[in-house]
**Student:** 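Sharing a structure here in structure tokens format.
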Amino acid sequence: MKQIEKILGSYFLIGLLNVLIFIGYMDIARLPGGEFGMMPFGLMMAAGISLVAALLVILIIKIKKSVTFTTSVLIYNIIYLGILIFSGLGRPTAFNFSSSNAYLFSILIGFLVWGIALVVSRLKKTETKK
């Protein structure tokens, strides 16, 4: 049960970091509020749906075998990416590399946060082995 709480907390933290990093990107890129003002809310909705779906997948997988923290974060990010693409935040027009390419950045944030979570989990493993 303690591992599920850790996974749930990490999912919540990843979703929060995705939204906060995107809000920082909106400020730095000076994106217009009318066009992109609701995107953080859309990212929060995608993170919430991903949290529930990934937790269900993890619980189903845990019936048969053990799941590591890194695998659970990867499952969350795959579901998050799928939801972003399905909901329209990652349309093919996002890859035109314009100056305000917020859609592509919203997808890249997920991979950035996953990389941070991977590094942190690896550092914790090396500290516990010492």
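Keep in mind the model is a prediction, meaning the values are calculated, not measured.
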**Student:** Going only through I, L, V, M, F, W and Y residues with side-chain contacts under 4.5 Å, is there a path from I58 to I60?
**Tutor:**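 No.
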**Student:** Applying side-chain contact (heavy atoms from CB on, under 4.5 Å), name anything that partners L17, two or more places apart in sequence or on another chain.
**Tutor:** L13, V113
**Student:** Is it the case that one hydrophobic cluster holds both Y25 and F41, taking links as side-chain heavy atoms less than 4.5 Å apart, direct or via other members?
**Tutor:**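 Both belong to a single hydrophobic cluster.
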**Student:** Counting distance only, does the side-chain N/O of Y11 pair as donor-acceptor with the main-chain N or O of S72 below 3.5 Å?
**Tutor:** yes
**Student:** Sort out for me which residue in L55, V57, L51, V52 forms a side-chain contact (heavy atoms from CB on, under 4.5 Å) with I79.
**Tutor:** V57
**Student:** Please answer: with hydrophobic residues joined when any side-chain heavy atoms are less than 4.5 Å apart, are L20 and F22 in the same cluster?
**Tutor:** no
**Student:** Identify the two heavy atoms, one from A47 and one from G15, that lie closest to each other, and give their separation to 0.1 Å.
**Tutor:** CB-CA, 3.8 Å
**Student:** Under 4.5 Å between any side-chain heavy atoms of Y76 and S10, yes or no?
**Tutor:** no
**Student:** List in chain and number order the residues that pass side-chain contact (heavy atoms from CB on, under 4.5 Å) with L74, two or more places apart in sequence or in another chain; answer none if no residue qualifies.
**Tutor:** I78, W114
**Student:** Once rounded to the nearest 0.5 Å, what's the spacing between atom CG of N18 and atom CD1 of I23?
**Tutor:** 11.0 Å
**Student:** A side-chain contact here means heavy atoms from C-beta on lying under 4.5 Å apart; do Y80 and I49 qualify?
**Tutor:** no
**Student:** Drop me the distance from I75's CD1 to L56's CG, to the nearest 0.5 angstrom.
**Tutor:** 12.0 Å
**Student:** When Ile, Leu, Val, Met, Phe, Trp and Tyr are grouped by side-chain heavy atoms lying under 4.5 Å apart, directly or through other members, which residues fall in the same group as I63?
**Tutor:** none
**Student:** Side chains of V67 and I61: closer than 4.5 Å at any heavy-atom pair?
**Tutor:**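 Yes; the side chains approach each other to less than 4.5 Å.
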**Student:** Please tell me if the side chains of L16 and M44 come closer than 4.5 Å, counting only heavy atoms from C-beta onward.
**Tutor:**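 No - every pair of side-chain heavy atoms lies 4.5 Å or more apart.
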